[in-house]
Amino acid sequence: MKIIIIGAGVSGLATYLQLRKQLPAFSSHTVLIYESQKPQETSDSEPSNFSPTKSEALTDSTRVVGNTIGLTSNRVRLLKYIDAGLYKSFKRRGYVSKTYKFKTARGYNLAVMSTGDRRSSEEFTISCPRYNLWQCLYEIVGGENIQCRKVVKVVLSGVKPLVGFEGGGENDADLIIGADGVRSVVKRALFEEEDEGIYALQYE
Amino acid sequence: MLYNMSKLDLDSDLVISKRLIFSRGFCGVGGFIDVEIPTEITAAQSMVFTFGPTGSFGYCSAAPSSHNVMGWWSNWAVPDIPKGNITDKTECRQQLRQRHGSWHDPVIRSIIDKMNTDRIYPIWTTPELPHWRESGAVLLGDAAHTLQATSGQGACQALEDSVTFCLLLSHYMEMPESLGGVLNSKDITEVVAKGLYEIQNPRVTKIKSQARNLYVTKRTITNILVEYIYYFYIYIWTNFPIIGEFFHRP
């Protein structure tokens, strides 16, 4: 089976990692990742020296670099399920946030809730920059498995779905995975003019 | 399934945190600062969410505490779509002071003094899509359901989609006979993508409609009684999530 993953963000990279581990006879399949922009290699990727305040915006899929995420306990367990090394490096770089504290502007405490899942070897929410999660995934997948090509169209009318690249060229596959984020080329192919109509992004 | 779906569904912590953070018609701004982690965080290893009449403000440690990196975010309701994502730093700080400058928590004021962000993000969402697949193509993560906000819970949903999809795909590729007969890769893709939608779409939809329920106001609250009703409402949501669920089923 030939699979094309469009987008090397969190969902694209996590999907690649799992396919590599789970697909029966992985080497008999072809799995390609296309990312529109070249990920910026940090000269010093040592996690202890990584400072999110200094990192620049990366690719389109990772451009929400300025954001904090709280990965809840059940998702932290998902990381362990996806890859033990991924889980370890993610936990090492984040902060174990054991509670959510809710307050009012006037200073009253409304609630303090545990983020723990009360299971054996309890997991809690891990807080960190979204970039951390992406970087952990990127390091395990390996940059050599990501091709820097911008997919500008997806054609679904043929026998096999195919992608077209900026500057020409095409490639077909048995399966195209649209992990290409907010302004998805695959979503546009699925819904055509309705992608700009009833299925366009909403801002109320 | 290798992980327990019903456990995920019942995780009230998760649902609540999302409910409090996300809604449509909101803007967000956020970033990181290098600063010693305050006791407000370290005392109970907390992520701190503060709600007020002009929006919400949150902060937490974003790395092991010895690294001294704090993440913060501010969300507020706006009647109109902002024109661009970028303003300037001074403008940004001034807006933050207007919204949160009089708030009680000194940590919030010190973050506003030290922050150096100039980007404001409108919070967009994707309307519920009727399906996430067609002729051998499937959507995952933000492409299928954008839950965009400054505190990025979208990453959580992206991971879940990916795990669900890969479990289904490898299952049917190993055992195509469980679908009744020998299947080609197109049929497998179709079944897998349909399964993904059936499992994940109700979860995403639920999170979004709950988010809308929490933000009862679309504008700044100016009436103190309304402000206290809002606090009481959040108090109920956070302390008795089951009651909240009962009154606000989507």
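Residue numbers start from 1 in every chain, and the chains themselves are labelled A, B, ... in the order their sequence lines are given, proteins ahead of strands. Quantities reported herein were computed from a predicted structural model and do not represent experimental measurements.
- Of the listed residues (A:Lys160, A:Arg106, A:Arg77, A:Lys21), the greatest number of heavy-atom pairs within a distance under 4.5 Å of chain B belongs to A:Arg106.
- Contact tally against chain A (heavy-atom pairs below 4.5 Å) for B:Gly52, B:Ser61, B:Cys60, B:Ser170: the top residue is B:Ser61.
- Taking the six-membered ring for Trp and the full ring otherwise, B:Tyr231 and A:Tyr108 have centroids separated by 6.0 Å or more.
- Aromatic ring centres of A:Phe191 and B:His131: separated by under 6.0 Å.
- If you measure heavy-atom distances from B:Ile41 to chain A, the contacts under 4.5 Å come from both the backbone and the side chain.
- Residue A:Leu79 touches chain B through its side chain alone, counting heavy-atom pairs closer than 4.5 Å.
- Under 4.0 Å is where a charged nitrogen must lie from a carboxylate oxygen, and between B:Glu190 and B:Arg133 at least one such pair does.
- Note that OG1 of A:Thr104 and CG of A:Leu110 are 5.5 Å apart. Values are rounded to the nearest 0.5 Å.
- Ranked by heavy-atom pairs under 4.5 Å with chain B, the first of A:Val96, A:Ile198, A:Val185, A:Ile82 is A:Val96.
- Take B:Phe232 and apply the ring pair (Phe, Tyr, Trp, His ring centres under 6.0 Å) test, not counting sequence neighbours, and it matches no residue.
- Ionic pairing of A:Asp172 and A:Lys2 is present here: one or more N-O contacts between side-chain nitrogen and carboxylate oxygen are shorter than 4.0 angstrom.
- Interface residue A:Ile177: backbone and side-chain heavy atoms are both found under 4.5 Å from chain B.
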Point to revise | salt bridge (Lys or Arg N to Asp or Glu O under 4.0 Å) between A:Arg93 and A:Glu139, worked out | key: CA-CA 13 Å; A:Arg93 295 173 208 196; A:Glu139 283 167 12; 2.8 Å; yes

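- Remark: the A:Thr125 side chain and the A:Thr72 side chain contain no N/O donor-acceptor pair separated by less than 3.5 Å.
- By a heavy-atom distance cut of under 4.5 Å, A:Leu156, A:Gly158, A:Val159 are the residues of residues 150-159 of chain A near chain B, going up by number.
- Using non-hydrogen atoms only and a strict 4.5 Å limit, the part of residues 99-108 of chain B facing chain A consists of B:Trp103, B:His104, B:Asp105.
- In terms of heavy-atom pairs under 4.5 Å with chain B, the best-connected choice from A:Ser11, A:Gly107, A:Ala105 is A:Ala105.
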Check your understanding: Hey, mind stepping through A:Gln135 and A:Arg130 against side chain to side chain donor-acceptor pair (under 3.5 Å) and telling me if it holds?
Key -> CA-CA 9 Å; A:Gln135 196 187 34; A:Arg130 182 182 171 124; over 6 Å; no

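- Of the listed residues (B:Val192, B:Thr189, B:Thr117), the one with the most heavy-atom contacts under 4.5 Å to chain A is B:Thr189.
- At a cut-off of 3.5 Å, with distance as the only test, a side-chain donor of B:Ser46 or A:Thr99 sits close to an acceptor on the other residue.
- At a threshold of 4.0 Å, the pair A:Glu123-A:Lys91 counts as salt-bridged, since one of the basic side-chain nitrogens sits closer than that to a carboxylate oxygen.
- In this structure, no portion of A:Leu13 lies under 4.5 Å from any heavy atom of chain B.
- Contacts of A:Leu133 with chain B are made by side-chain atoms alone, with heavy-atom separations under 4.5 Å and no backbone atom involved.
- Here the straight-line distance linking atom CD1 of A:Ile33 with atom CZ of A:Arg149 works out to 15.0 Å at 0.5 Å rounding.
- For the pair A:Arg20 and A:Phe26, the cation-pi test (distance below 6.0 Å, angle within 45°) is failed.
- Listed by first and then second residue, the salt bridge (charged side-chain N to carboxylate O under 4.0 Å, His left out) pairs involving residues 38-59 of chain B are A:Lys101-B:Glu40, A:Lys103-B:Glu40 (not counting sequence neighbours).
- Between chain A and the residues B:Gly71, B:Ala44, B:Gly58, B:Ser66, the largest count of heavy-atom pairs under 4.5 Å involves B:Ala44.
- Aromatic pair B:Tyr59/B:Phe49: centroids not less than 6.0 angstrom apart.
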